[in-house]
Structures are given as structure tokens and as C-alpha cells.
Amino acid sequence: MAATGVNNMENERFLRSVINASPNAVITINEAGEILVFSRAAQAMFGFGEAEVLGKNVSMLMPEPDHSLHDGYIRRYIETGKAQIIGRARPVMARRKNGETFPAVLHVSEFDEGARIFVGFVEDITRQKATERRLEDTQLQLQHAGRIGAMGEIATSIAHELNQPLTAAASMAGAVALTLKKTTFDGKDDALALIDDAVAEIRRASGVIRQMRDFLRNRETERAAHPINRIIEESCLIALIGAETEGVMVTSALDDYAGAVMVDRIQMQQVIVNLIRNAVDAMQETRNKHLTIATAKKDDTVEIRIADTGTGITDEMKKRLFEPFATSKEDGMGIGLSLSKSIVEAHKGEIYAKDNHPAGTVFLVALPAAKDDA
Ligand SMILES: Nc1ncnc2c1ncn2[C@@H]1O[C@H](COP(=O)(O)OP(=O)(O)OP(=O)(O)O)[C@@H](O)[C@H]1O
Ligand SMILES: [Mg+2]
């Protein structure tokens with residue numbers, strides 16, 4: 001069709017129209033990084049007119065560090081043939097004329113017209129990012145609500161848990177006062193030992209409070225390498241409050257070599273707390289109440305195992321287990337497992353349940369081991 005018999009001029013006009021019709025910015029550069037084509041969408045996106053950019057170095061469209069490094073990127077590619085970016089789409093930061101930076105997806109192709117030419121297609125993803133951000137915020141708020149909910153359920157046990165060490169500490173301090181009043185100097189060692197005990201009890205109480213405060217804080221996510229066993233221990237401090245009085249026997253089998261995971265500590269605690277609370281709930285009516293919490297390292301994975309001897313999960317519930325609002329409990333929200341799953345998957349991990357034998361349920365969480373730990 002049109003291609004036959006058109007002269008060069010028409011050919012070029014045709015090409016220009018195609019380029020200008022693209023909703024994404026089209027920018028071509030030569031080996032020196034100089035801009036050769038700057039499409040209409042590019043002009044709208046970056047705020048530069050064509051005349052302001054033609055022949056200029058394309059790095060003017062990038063913030064640091066790419067701004068300074070871009071010439072090096074091209075040189076390295078030409079010398080080594082090793083492409084970091086050519087042929088695939090990747091997220092970058094770009095800079096408009098007014099200095100504003102924005103997130104974009106850049107796709108670069110290469111062709112040879114006697115000299116090498118690179119053509120970049122740039123898509124401004126500011127709006128997508130904002131939507132993602134809002135979704136993330138909602139997710140965080142939901143998680144926060146979930147933690148407050150979990151705390152609410154165990155509020156009475158918490159009072160008990162705090163009351164116990166504080167009462168003990170108070171009576172120890174009282175005993176010290178008595179000893180000091182009646183004695184001579186001989187009672188000193190006894191008194192000191194009692195004070196040490198009292199301090200330890202007060203520390204225990206404030207440990208519970210600190211853990212609760214951390215857990216309930218509304219916060220941004222922050223990932224770091226944390227020893228998995230420590231996360232489990234901190235979670236147990238909250239999740240097992242009251243469990244003993246309910247007659248649950250707890251076995252903890254934490255692998256000394258389980259190592260660290262790259263996680264948001266509080267989010268991961270939230271997962272463990274949910275799983276432990278579910279396990280304890282499931283054993284309310286059963287005679288045998290045995291909870292096992294274990295960690296293990298398997299190749300590049302750290303596995304957390306929470307097993308109970310409770311009622312087990314009904315077939316009906318198994319189908320919807322991780323769906324939001326699936327609950328069999330009168331006072332349940334049914335969000336514990338759906339939140340846990342989203343948290344685990346955000347950490348590139350897996351969570352699933354299987355039957356425990358002879359009775360009960362096992363929940364398994366597998367997380368990638370932190371790299372430097374290997
Ligand atoms: N260890 C378990 N044993 C038996 N059933 C379980 C176990 N864990 C979860 N379930 C079942 O899965 C359902 C969903 O669990 P999930 O934690 O999502 O919600 P919930 O515990 O009902 O309420 P919430 O956690 O929001 O307070 C539970 O209602 C229960 O029926
Ligand atoms: Mg639950």
C-alpha cells in the first residue's frame with residue numbers, strides 16, 4: 001500500500017505522524033546520547049519544546065544518579081555489549097523541565113541506521129503509583145485494625161498478665177521494707193535479693209507493655225533482617241497471654257540455626273499472633289490442648305510451623321480459609337488469615353494449612369531466608 005511509490009519526504013512525514021500519535025513519549029538518541037527525536041507526547045510529558053532538547057544530552061531528562069551516570073551506561077553498552085535495559089521495560093525516575101521528578105516505565109530498543117540509534121518509549125506512571133500508594137495505605141490501615149482487634153480479644157488476659165508481676169514486685173518491695181525496718185545489718189543480702197527479684201518482675205511487666213505498644217502502633221512498613229526466633233518469641237509474649245490459664249500446653253521447638261528473615265517485624269508478628277490465637281481458639285473445646293511452635297531452616301527458606309490439636313478446619317471453611325470475612329466464630333471478623341496471607345505474600349513467602357494427626361491443624365509459613373545469613 002502506501003509504502004510503494006512514496007518519496008522520502010512523504011515517508012518521513014508518515015513516520016513523524018506515527019511517532020507523534022504514540023500516547024507514550026518517544027525519544028531517540030544517538031551513541032553520544034544526543035536527542036534526535038522528541039515526540040509530541042514527550043514534549044507534553046517533560047515540558048520541553050522540541051527545539052530546547054534536540055541535539056542535547058538525554059541525561060537532561062533524568063534526575064541523579066542517572067543524570068551523571070547515563071553517558072557511562074551507553075559507553076559500557078557499546079564497549080561490552082552488555083545491556084542493562086535494552087529490550088525490556090523497567091521503572092525509572094524522570095525529570096520534567098520544571099525540575100519535578102516522576103516515576104516512569106522506560107523501554108529502550110536499538111536499531112542500526114549506519115550508526116546506532118536508541119529509541120526509548122517512556123510512560124508516565126505517576127497516577128498508577130499514587131493508586132498503588134493509596135492501596136498500600138489502605139492495606140496498612142487494615143492491618144492496624146486487625147492488630148487492634150487481636151488485642152481487644154485478649155484485653156482481659158493482658159490485665160491479668162500485667163497484674164501478676166506487678167503484684168509480685170509490690171510484695172517483694174514490701175518485704176524489703178520490713179526487713180530493713182527490723183534489722184541490723186544481717187538482713188542486707190536477703191533484702192538485696194528481694195529487690196533484684198522485684199526489679200525482674202517489673203521488667204517483665206514493662207516488657208509486655210512495650211511489646212503491646214509496638215504491636216498497636218500505626219506505622220509505615222520497614223523491612224530489615226530479623227532473627228526469626230526472636231520474632232516468634234516476641235509474638236508469643238502477646239499471643240500466649242492467657243493461654244496457660246486456658247490449659248494449653250505449649251511446646252516451642254525453635255531451631256537455633258533458623259537464622260534471619262528480611263521482614264517488617266511487626267507485620268510478621270501479626271501473622272504469628274493470628275496463627276497462635278486461631279490455634280488456641282480451636283482448642284477451646286477439645287480435651288487435648290497442645291500447641292507446638294517450631295522454626296526450621298530449609299535451603300533458602302525459613303519455615304515456621306504452628307500446630308494445634310484442636311477441632312480441625314471444616315471442609316466448607318477450607319475452601320474459603322484465606323478469604324476476608326470467612327469465619328466460623330461468633331465473635332470472629334474472619335480477617336486474621338486474609339491479612340496474614342497478604343503480609344506473607346508481600347514478603348515473597350507462602351502460607352498454607354494442612355491437617356494435623358490425629359487431630360487438629362498445622363499452619364506453615366515459609367519465608368525466604370535473609371541473604372547475608374547464608
Ligand atoms: N488452627 C485452626 N483450627 C481450626 N480452624 C481454624 C484454625 N485457624 C483458622 N481456622 C478457621 O478459619 C477461620 C478464619 O480464620 P481467621 O483467623 O481468618 O478469622 P477468625 O479467627 O474467625 O477471626 P479474626 O481472626 O478476624 O478474629 C476461623 O473462623 C476458623 O473457622
Ligand atoms: Mg483469627
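One-based numbering, in listed order, for ligands and for the atoms of each.
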Any idea which protein heavy atom is nearest atom 6 (C) of ligand 1, and the distance to it? Ile313 CG1, 3.7 Å
Please say whether Ser338 places an N or O atom under 3.5 Å from an N or O atom belonging to ligand 1. no
Contact between ligand 1 and Gly312 is defined here as a heavy atom of the residue under 4.0 Å from a ligand atom; is it met? yes
Indicate yes or no: does Glu234 engage Arg265 in a salt bridge with an N to O separation below 4.0 Å. yes
Does a side-chain N-to-carboxylate-O contact under 4.0 Å join Arg13 and Glu10? no
Who gets closest to atom 1 (N) of ligand 1 by heavy atom: Asp308, Asp281, Thr327? Asp308
Considering the heavy atoms of Gly332, write down every atom of ligand 1 situated less than 4.0 Å from one of them. 23 (O)
Please state which protein non-hydrogen atom is closest to atom 27 (O) of ligand 1 and give its distance, to 0.1 Å? Glu153 OE2, 3.2 Å
Identify the closest protein heavy atom to atom 12 (O) of ligand 1: which residue and atom is it, and at what distance? Leu321 CD1, 3.3 Å
Of all the non-hydrogen atoms in the protein, which one sits nearest to atom 17 (O) of ligand 1, and at what distance? Asn278 ND2, 2.8 Å
Of the options Ile238, Leu237, Ile231, which is the one that meets Ser235 in a side chain to side chain contact (heavy atoms under 4.5 Å, CB included)? Ile231
Taking all atoms of both residues into account, what is the closest heavy-atom pair of Ala307 and Val362, and its distance? CB-CG2, 4.0 Å
Side chain or backbone of Met333 under 4.0 Å from ligand 1, or both, or neither, by non-hydrogen atoms? both
Please verify the inter-ring angle class for Phe38 with Phe46; under 30° counts as parallel, over 60° as perpendicular, anything in between as tilted. tilted
Taking atom 29 (O) of ligand 1 as the reference point, the nearest protein heavy atom with its distance: Ser328 N, 2.9 Å
Do other residues, nucleotides or ligands put more than 12 heavy atoms under 6.0 Å from Lys354 NZ? no
If you measure every N/O of Phe363 against every N/O of ligand 1, is any gap under 3.5 Å? no
Numbered atoms and elements of ligand 1 in range of Met317, under 4.0 angstrom, heavy atoms: 11 (C), 12 (O), 13 (C), 31 (O)
contact_flag Ile335 ligand 1 heavy-atom lt 4.0 Å: yes
Is the positively charged end of Arg96 above the ring of Phe102, judged by distance under 6.0 angstrom from the centroid and angle within 45° of the axis? yes
I'd like to check whether Thr311 has a polar contact with ligand 1, where a contact means an N/O of the residue lying under 3.5 Å from an N/O of the ligand. no
Name the one of Gln211, Glu233, His226 that satisfies side chain to side chain donor-acceptor pair (under 3.5 Å) with Gln269? Gln211
With a cut-off of 2.8 Å, does any N, O or S atom of Thr327 fall short of it relative to the Mg ion (ligand 2)? no
Check each of Ala326, Gly336, Ser340, Gly334 against atom 23 (O) of ligand 1 and report the one with the nearest heavy atom. Gly334
Between Lys341 and Asn274, does any side-chain donor sit less than 3.5 Å from a side-chain acceptor? no
Considering only NZ, NE, NH1 and NH2 on the basic side and carboxylate oxygens on the acidic side, decide whether Arg217 and Asp214 come within less than 4.0 Å. yes
Using a strict cut-off of less than 4.0 Å between a Lys/Arg side-chain nitrogen and an Asp/Glu carboxylate oxygen, indicate whether Lys348 and Glu345 qualify as a salt bridge. no
Counting non-hydrogen protein atoms only, what is the nearest one to atom 15 (O) of ligand 1? Give residue, atom name and distance. Leu337 CD1, 3.6 Å
With a 4.0 Å cut-off on N to O distance, would you call Arg76 and Asp71 a salt bridge? no
Heteroatom distance test (Ala282, ligand 1): nitrogen or oxygen, under 3.5 angstrom: no
Evaluate Lys329 for polar contact with ligand 1, using N/O atom pairs at a separation under 3.5 Å. yes
